[in-house]
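Worksheet: one structure, shown below.
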Amino acid sequence: MTNIGVIGGAGYVGLVTGVGLAALGHKVISMDLDQSRIEMLRKGSSAVYEKGLEVILRGLIKKGQISFTENQLQAVRNSDVLFIAVGTPSLDDGAADLSAVIAVAEQLREMIDKYTVIVVKSTVPVGTTRIITEILAQKLTESEDFDVVSNPEFLREGEGLIDFFAPSRIVVGSSSTRALEALRTIYEPLLSGNVVVDVPWIDVDREIPYVETDVISAQLIKYASNAFLAARISFINEIAGISEKVGGTITDIVFGLGLDPRIGSSYLKPGIGFGGPCLDKDLRALIRIADENSYDSVMLAGVLKRNDLQLREVMNKITGTLGPNLYKKRITLLGIAFKEGTNDVRQSLSLRLYRLLRDQGALVVGHDLLAASETAEIEPNLVVTSDMNVALDGANAVVVLNAESAYSSFDWSSLISSEVLPYVIDTRGVVDVTMLSNCGITFDVLGSAE
Ligand code: UDX
């Protein structure tokens, strides 16, 4: 059992990591500056939605495996290993904003009073661990008082528990054998298959690859992974665009493409592009890292450009059918979170589409099963309902943005008696188009000719 502190423990990554480590049998103290989130967490409820998380959290609180505090000193003094999971948002120029990470390092420099392993979970540019080390070394001695480790996260929102308890791999980077040993001990229950989590959808019965490397490579593994996923999405979006022009059917193309085992079928779903807090941010940061090192990353720039163009495709379709004047046109957006299964609206492309439509005078209504209150915080004028009938009432156009099962199973014939039948754009290929046809509803599926 290791005493572990998590700094930034109320954010998505910090929370899933803290809960996961506590479930492995460690004693976790999670610290966050967000007092209201910490108070909620103490009572076993989380502001970030993750399927199954609260049940595990409450069990761990009861057993005394995890506790929550706003007091960083308390977390530091009670821990041998500290995970830093504070945010690193994108700055305007694409670089990662390291101010929170730097502030934590400056505070730790004053607080650490025994050998402590500092584990960087936040995705930070190559070189940041050196900055952290330099800050700590102003008062402490590397190897004697502290070591810094990079242990990137690969948590998909909505599938965070699977990615913690049955990860595709664990990557740990450090030049200190003592620190590497500490991390191995922490993950040992996962590696030896000893951890028991009562979550039926997680297959823990699997050998987990464990990659030990240097700090820089660990960080680049993270950036390369997200850039590669982003590249697959931009690639299929470009193929979808070509397919539409020449009369193909994108679902069949994706199916045929994915059958090649060298390619596989994951991350090949076309849509409005990759949104969310990570792929876009990490891709921009990687391009910036290349730039700063005088390397021309042409391919990564293309991935980003395609993503920026995707919304234009949707706007063109809307104006192509409803006409260039969208003033007072009622447009329904199905799926406001950046993907289905989450309440996270940060960098949601649905919200970007909302702003484009709003700016042209359209009356936009949103539908989302989880993200209504999160949307209200960012866009108070966008009404988001979880009732499909309310959302679709009087709609001139409907844009399906997430692959929610409520959208694939929706009975469009319920709209037949409406005064206006909406024009439907399915950006995810999930709607029953035969039903749309039978109902006389005009539609487009992104990537497929009519
Ligand atoms: C991502 C990475 O997957 C995870 O490993 C990393 O550590 C954090 O960032 P997440 O941001 O939760 O996870 O989202 P993800 O499921 O990867 O989806 C990102 C975006 O790509 C979403 O907008 C999603 O709708 C879109 N997407 C995904 C597609 O458009 N097509 C696909 O085939 C897959």
Side-chain angles (χ1 to χ4, degrees), residues 11-17 48-51 85 87-90 121-124 150-164 166-171 218-219 221-241 250-251 253-255 257-258 263-286 303-304 306-311 313-314 334-353 368 371 400-404 407 426-430 446-447:
Y12 179 76
V13 171
L15 182 58
V16 175
T17 303
V48 285
Y49 174 79
E50 184 64 42
K51 189 169 106 183
T88 52
S90 263
K121 262 280 162 210
S122 308
T123 308
V124 290
S150 164
N151 173 215
E153 54 86 12
F154 301 100
L155 303 171
R156 287 162 301 171
E157 292 195 20
E159 273 150 303
L161 292 184
I162 297 178
D163 290 340
F164 186 89
S168 49
R169 74 289 206 198
I170 295 171
V171 176
Q219 290 170 334
I221 289 172
K222 168 64 195 246
Y223 277 117
S225 302
N226 274 357
F228 194 76
L229 296 173
R232 285 180 71 101
I233 297 167
S234 276
F235 173 84
I236 203 63
N237 282 334
E238 201 147 309
I239 296 296
I250 193 63
T251 39
I253 297 168
V254 169
F255 179 65
L257 182 65
I263 297 173
S265 57
S266 66
Y267 280 80
L268 284 184
K269 284 192 228 98
I272 51 165
F274 47 85
C278 291
L279 294 195
D280 182 271
K281 169 178 80 87
D282 292 351
L283 183 60
R284 284 177 200 274
L286 185 56
V303 172
L304 198 58
R306 164 50 51 207
N307 206 50
D308 287 339
L309 291 176
Q310 279 309 97
L311 276 185
E313 304 284 332
V314 176
L334 299 183
I336 301 299
F338 83 93
K339 64 177 179 182
E340 57 284 351
T342 173
N343 62 351
D344 195 344
V345 293
R346 287 175 295 170
Q347 279 82 44
S348 165
L349 295 174
S350 305
L351 284 186
R352 212 190 287 173
L353 179 60
D368 202 289
V400 182
L401 293 155
N402 284 346
E404 200 63 70
Y407 308 150
D426 181 4
T427 70
R428 287 288 175 189
V430 292
L446 216 63

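Please read these numbers as outputs of a predicted model, since none were measured by experiment. Ligands are counted one by one from 1 in listed order, and the atoms in each one are counted from 1 as well.
Protein heavy atom nearest atom 27 (N) of ligand 1, with residue, atom name and distance: Ile233 CD1, 3.4 Å. From the protein, the heavy atom lying nearest to atom 6 (C) of ligand 1 is Asn226 OD1, 3.6 Å. Protein heavy atom at the shortest distance from atom 17 (O) of ligand 1 is Tyr267 OH, 2.5 Å. In this structure, the protein non-hydrogen atom closest to atom 23 (O) of ligand 1 is Gly275 N, 2.9 Å.
In summary, the side chains of Lys121 and Thr17 do not present any donor paired with an acceptor at a separation below 3.5 Å, with no hydrogens or angles considered. Side-chain atoms of Asn402 and Lys339 include no donor-acceptor pair closer than 3.5 Å.
A salt bridge links Lys222 with Glu153: the distance from a Lys NZ or Arg NE/NH1/NH2 to an Asp or Glu carboxylate oxygen falls below 4.0 Å.
Contact annotation for Leu155 and ligand 1: only backbone heavy atoms (N, CA, C, O) come within less than 4.0 Å of the ligand. Only the side chain of Leu229 comes within 4.0 Å of ligand 1, judged by heavy-atom distances.
Here is the list of ligand 1 atoms found below 4.0 Å of a heavy atom in Arg156: 3 (O), 12 (O), 13 (O). Distances below 4.0 Å separate heavy atoms of Lys222 from the following atoms of ligand 1: 7 (O).
Among the atoms of Phe338, some N or O lies under 3.5 angstrom from an N or O of ligand 1. When only interatomic distances are considered, the shortest N/O to N/O separation between Leu279 and ligand 1 does not fall below 3.5 Å.
Shown here for Asn307 and Ser234, the closest heavy-atom pair between the two residues is N-OG, 3.8 Å. Residues Arg156 and Tyr267 approach most closely at CD-OH, 3.8 Å, considering heavy atoms. Minimum interatomic distance between Pro277 and Gln347 (heavy atoms only, all atoms of both residues): CA-OE1, 3.6 Å. The shortest non-hydrogen separation linking Ala403 to Glu340 is N-OE1, 2.9 Å. The two residues Leu286 and Ala227 have their closest heavy-atom pair at CD2-CB, 3.8 Å.
Other residues, nucleotides and ligands contribute more than 12 heavy atoms inside 6.0 Å of the NZ atom of Lys281.
Nearest-heavy-atom check against atom 33 (O) of ligand 1 across Lys281, Glu340, Lys269 picks out Lys269. When the heavy-atom distances from atom 8 (C) of ligand 1 to Cys278, Ser266, Gly335 are ranked, the shortest goes to Cys278. The residue from Lys339, Glu157, Glu159 that puts a heavy atom closest to atom 14 (O) of ligand 1 is Lys339.
Residue Gly271 places no heavy atom under 4.0 Å from ligand 1. Not a single heavy atom of Arg232 sits under 4.0 Å from any atom of ligand 1. Residue Arg428 places a heavy atom under 4.0 Å from ligand 1. For the pair Gly276 and ligand 1, no heavy-atom separation below 4.0 Å is found.
With hydrogens and angles ignored, the 3.5 Å screen pairs no side-chain donor or acceptor of Ser122 with any backbone N or O of Val124. No donor-acceptor pair closer than 3.5 Å links the side chain of Thr427 to the backbone N or O of Leu446.
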